[in-house]
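Each chain gets a letter, A, B and so on, in the order the sequences are listed, and its residues count up from 1.
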Amino acid sequence: MNYWLVKSEPESFSIDDLKKAPKKTTFWNGVRNYQARNMLRDEMKVGDEVLYYHSNAEPPCIVGLAKVVKEGYPDPTAVDPKSEYFDEKATKDNPRWFMVDLQFVRKFDKPLTLDDLRPIKALAKMELLRKGSRLSVQPVTKAEFEAVLKLVGD
DNA sequence: GCCAACGTTGGC
DNA sequence: GCCAACGTTGGC
């Protein structure tokens with residue numbers, strides 16, 4: 001079992017959007033970064049738990065939990081010329097970009113802001129809190145994941 | 001809206 | 001294969 005954190009701008013797809021989605025599930029398309037792509041394609045497994053983070057929000061915060069319900073498969077928007085995520089170098093035989101399916105698990109009663117997270121010793125090395133961290137899909141250690149849940153009162 | 005910190009692109 | 005220029009992310 002692995003743990004992850006995904007970023008989403010609430011204006012484009014918030015955790016409430018995920019909760020309202022059919023089967024509370026969505027495909028996590030549009031990631032166009034190789035490091036993130038490799039994790040989506042190779043490492044995220046069904047059942048893995050995912051922290052859901054709102055970036056460019058006021059304030060930015062971890063708002064809840066999701067889980068992986070389908071493992072990496074080609075992102076069809078990469079080969080769709082009409083999509084904003086179209087990549088002319090992607091083909092059906094060489095999809096280049098991948099995505100997973102995520103399902104809503106729960107929304108925290110109180111979202112955890114960066115200010116909530118920064119003082120926590122167990123989270124000192126968390127990728128999210130690293131200066132200049134831009135990865136939209138990040139690995140989270142078990143200890144970090146448990147520390148986050150502890151903060152919301154579990 | 002600013003800008004630091006990245007990642008990518010492309011000329012050489 | 002280097003690296004300057006450029007585009008993007010995302011906190012502030």
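Atom C1' of nucleotide dG7(C) and atom CD of E84(A) are separated by 16 Å, given to the nearest angstrom. One atom, NZ of K131(A), and another, P of dA5(B), lie 4 Å apart when rounded to the nearest Å. As a whole-Å value, the separation of K89(A) NZ from dG7(B) P is 18 Å.
Of the candidates R32(A), R41(A), K92(A), R32(A) is the only one forming a salt bridge (Lys or Arg N to Asp or Glu O under 4.0 Å) with D75(A).
If you check dA5(B), dT8(B), dG7(B) against the side chain of Q35(A), the one that comes closest is dG7(B).
Counting any heavy atom pair closer than 4.0 Å across all strands shown, R130(A) reaches sugar-phosphate atoms only and no base atom.
Within the structure, salt bridge (charged side-chain N to carboxylate O under 4.0 Å, His left out) contacts touching residues 99-114 of chain A (residues at least two apart or in different chains) are D16(A)-K107(A), R106(A)-D154(A), K110(A)-D116(A).
For the residue pair Q103(A) and T26(A), no side-chain donor N or O sits within less than 3.5 Å of a side-chain acceptor on the partner. Judged purely by distance below 3.5 Å, without hydrogens or angles, the side chains of S133(A) and E127(A) pair a donor atom with an acceptor atom.
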Between the protein and nucleotides 9-12 of chain C, which nitrogen or oxygen pairs come in under 3.5 angstrom?
| unit_1 | atom_1 | unit_2 | atom_2 | d |
| --- | --- | --- | --- | --- |
| dG10(C) | OP1 | K7(A) | NZ | 2.9 |
| dG10(C) | OP1 | R134(A) | O | 3.0 |
| dG11(C) | OP1 | Y53(A) | OH | 2.4 |
| dG11(C) | OP2 | N56(A) | N | 3.1 |
| dC12(C) | OP1 | R118(A) | NH2 | 3.3 |

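The aromatic ring centres of F98(A) and W28(A) sit 6.0 Å or more apart.
You'll find the side chain of Y52(A) reaches within 4.5 Å of the side chain of S8(A), heavy atoms only.
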